[in-house]
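The next block holds one structure in the form of C-alpha cells; read it before the comments.
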Amino acid sequence: MFTAIILAAGMGTRMKSEMPKVIHRVCGKPLVKWVIDAAKNAGADEICVVVGHKAQMVKETLGGACGFALQEEQKGTGHAVMQAMDYIKQARGEVVILNGDTPLITSETIKSALEYHRADKNHATVITAVLPDASGYGRIVRAKDGSVMKIVEQKDATDEEKKINEVNSGMYVFDAPSLAFTLGKLTPNNAQGEYYLTDTLEILLGEGRKIGGFALDDNDEIRGINDRVQLSEAEKIMSKRINEKHMRNGVTIHAPESVYIEDGAEIGRDTEIFRDVTIKAGTKIGSGCVIGSGSLLDNAVVKDGADVLSSVILSSTVGEGTHVGPFAYIRPGCTVGRDVKVGDFVELKNSSIGNGTKISHLTYIGDSDVGERVNFGCGTVTCNYDGKNKFRTVIGDDCFVGCNTNFVSPINVGSGSYIAAGSTITEDIPENSLSIARARQVNKEGWKDKRK
Ligand code: UD1
Ligand code: CA
C-alpha cells in the first residue's frame with residue numbers, strides 16, 4: 001500500500017497546443033492516465049494528481065480516476081508536492097512521486113523501487129538512470145561509499161557536476177513523515193527561484209536520514225515528453241509493448257511496426273492481423289479472425305472467425321464467421337449477424353442485419369432492420385432521409401431484393417418477398433409477394449430509319 005502523487009501542473013509550452021500536455025494521448029490514452037494506471041497496478045491505494053495549467057480540462061479528462069490537488073502558480077516541483085500535503089499526512093504507506101509526462105514508467109519499476117526502498121530502510125529513494133547525454137537533467141551526486149548525497153540541477157551545477165551522467169528521473173519513494181517534514185524546510189534559493197523537490201534529499205541527509213538511489217536498466221521508462229517529436233517516440237515504444245503483449249497472447253501480427261493498437265483493445269487467439277491496421281480503444285476481436293490490410297476498427301466488436309478486409313467498422317458488432325469487405329464501411333449503431341456477407345463498397349449505418357444475409361456489393365443500408373437470409377442485389381439503396389427526417393426500412397426474412405432497388409422509406413417488406421430489379425419501392429410489400437415497381441419497357445422497331 002502506498003500513496004502516489006503525480007506532478008502535472010506544468011504548462012507544456014513546447015507542445016504548442018491548446019491542450020495541457022498531460023492529456024495528449026499515447027496509444028489512445030492520456031499521458032497522465034498511463035502514469036495513474038502504472039501506480040494503480042503497482043498497488044497505490046491513493047492517487048493525487050497535482051494540476052495547475054488548464055486544471056479543469058485535466059480533471060474532466062480524468063474524471064474519477066484519481067484525486068486532485070491544485071497548484072495555482074507553478075513555483076517548482078517541491079511547491080507542487082506541498083499542494084498534496086493532505087494526502088501525505090494521511091498516507092498509509094510510502095509516498096511515491098511520479099511525473100504526469102512520463103507515460104512509459106511501468107508498475108514493475110514502481111514495485112521494484114518500493115522494494116528497494118524498504119529493504120534498504122531508506123527515508124527517501126530517488127529513481128535514477130545513467131544516460132549517454134545527461135544535459136537538462138538534475139545530476140545525482142554520490143558520496144565515495146556510493147550513497148546519494150544530493151541532486152544538482154543543470155542550471156546550478158558546476159562544470160565538474162555537469163560531467164556526471166547519472167540523472168534524476170524526477171521519480172522518488174519517500175517515507176511519508178520524512179517528506180512532510182522536509183517540504184516545510186524548502187526555500188527557493190537557486191538559479192530558477194523555485195522550490196526544488198530535489199533539495200529535500202540534502203535536507204534529509206543533514207538530519208541524518210538515509211537516502212538511496214535506485215538505478216533503472218531501461219532508460220525509456222523515464223522519458224519525459226516535452227514536444228510532439230518525443231510524443232511520437234514514446235508512442236512508438238508503447239505501441240511495440242502493446243503489440244508484443246498481443247503476440248505473446250497468441251495473436252499473429254504481420255509487420256507489427258505498421259500496426260497501431262490502442263490500449264484496452266481485446267484480441268483473441270489465432271487472429272491474424274495484416275499490415276497498416278488501426279485498432280482503437282473499446283474494440284473486441286474474437287479468436288480466429290482475419291483483419292486485413294488497411295482496416296480501421298474503432299469501438300468495434302468482431303466475433304470469432306469473422307474476417308474484415310480493408311474496411312472500416314465504427315461502434316458496431318459483426319457476428320461469427322461474417323465476411324466484411326474489401327472496402328466496406330460500417331458506421332455506428334450496426335449489429336451484423338452470423339455468417340453475413342458485407343461485400344465491397346457496402347455502407348451500413350444504424351441498422352441490424354440478420355444471420356446469413358448477403359449484401360455483396362455497392363449498396364447503402366441505413367436505419368434499417370433486415371431479417372435473416374435476405375439477398376441484396378448490387379446497387380440497392382435505402383432512401384432513409386427526406387432532407388429533414390430519417391425513416392426506417394424493415395425487410396423480413398428470406399427476401400430477394402433485385403439489383404438497383406430503391407426503398408423510399410418508411411417501408412415494410414414482408415418475409416419471403418421478391419422485388420424485381422430496378423424497382424423503386426414506395427409502398428409496403430406483403431409477405432411472399434413479387435413486387436415490380438418500374439416502367440414497362442417499350443421497343444419501337446425501325447425507329448432509327450423513320451428518324452431519318
Ligand atoms: C525535474 C527535476 C530534475 C529531473 C527532472 C526529470 C527538480 C527541481 N528537478 O526537472 O532533477 O532531472 O525533473 O524530468 O525537481 N511541475 C509542477 N509544478 C511546478 C513545476 C513542475 O507540477 O511548479 C511538474 C511538471 O508539470 C512536470 C514535473 O513537475 O510533470 C517535472 O517538471 P519539469 O519542469 O519538467 O522538471 P525540471 O524542473 O526540469
Ligand atoms: Ca522546471
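What's counted below: heavy atoms across the whole structure, side chains too, no hydrogens, waters or symmetry copies. Fair warning: this is a prediction, and the values are worked out from it, not measured in the lab. Order of appearance sets the numbers: ligands from 1, and atoms from 1 within every ligand.
Heavy atoms from both the backbone and the side chain of Ala9 come within less than 4.0 Å of ligand 1. By the criterion of a heavy-atom distance under 4.0 Å, the side chain of Gln71, and not its backbone, is placed next to ligand 1.
Residues Glu244 and Lys240 are paired through a salt bridge, judged by an N-O separation under 4.0 Å between the basic side chain and the carboxylate. For Glu94 and Arg118, the salt-bridge test passes: some basic side-chain N is under 4.0 Å from an acidic carboxylate O.
Classification of the Tyr116-Phe214 ring pair by plane angle, with boundaries at 30° and 60°, yields tilted.
By the 6.0 Å and 45° rule, Arg209 stacks over the aromatic ring of Phe181. Within the cation-pi definition used here (under 6.0 Å to the ring centroid, within 45° of the axis), Lys390 qualifies as a partner of Tyr385.
Among the atoms of Tyr196, none of the N or O lies under 3.5 angstrom from an N or O of ligand 1. Inclusion of Leu197 in the set of residues having an N or O under 3.5 Å from an N or O of ligand 1 is not warranted. At least one N or O atom of Asn168, backbone or side chain, sits closer than 3.5 Å to an N or O atom of ligand 1. Remark: ligand 1 and Gly10 share an N or O pair separated by less than 3.5 Å (distance only, no angle test). Considering backbone and side-chain N/O atoms, Lys75 comes within less than 3.5 Å of an N/O atom of ligand 1. Ligand 1 has an N or O atom lying under 3.5 Å from an N or O atom of Leu7, backbone or side chain. For Glu153, a nitrogen or oxygen atom sits less than 3.5 Å from a nitrogen or oxygen atom of ligand 1, counting backbone and side chain alike. On a distance-only criterion, Gly76 and ligand 1 share at least one N/O pair closer than 3.5 Å.
Residue contacts with ligand 1: Ser169 is included, with a non-hydrogen atom under 4.0 Å away. Note on ligand 1: Val167 sits outside its first shell, no heavy atom being nearer than 4.0 Å. Note on ligand 1: Val50 sits outside its first shell, no heavy atom being nearer than 4.0 Å.
Exactly one of Ile242, Asn243, Ile261 qualifies for a side chain to side chain contact (heavy atoms under 4.5 Å, CB included) with Cys27. That residue is Ile242.
Here the straight-line distance linking atom OG of Ser368 with atom CD1 of Ile395 works out to 6.0 Å at 0.5 Å rounding.
Proximity to Thr77 (heavy-atom distance under 4.0 Å) selects the following atoms of ligand 1: 7 (C), 8 (C), 15 (O), 20 (C), 21 (C), 29 (O), 31 (C), 32 (O).
There is no side-chain donor-acceptor pair under 3.5 Å between Thr109 and Ser112.
Nearest heavy atom pair, residue His24 against residue Ser17, reads NE2-OG, 2.9 Å.
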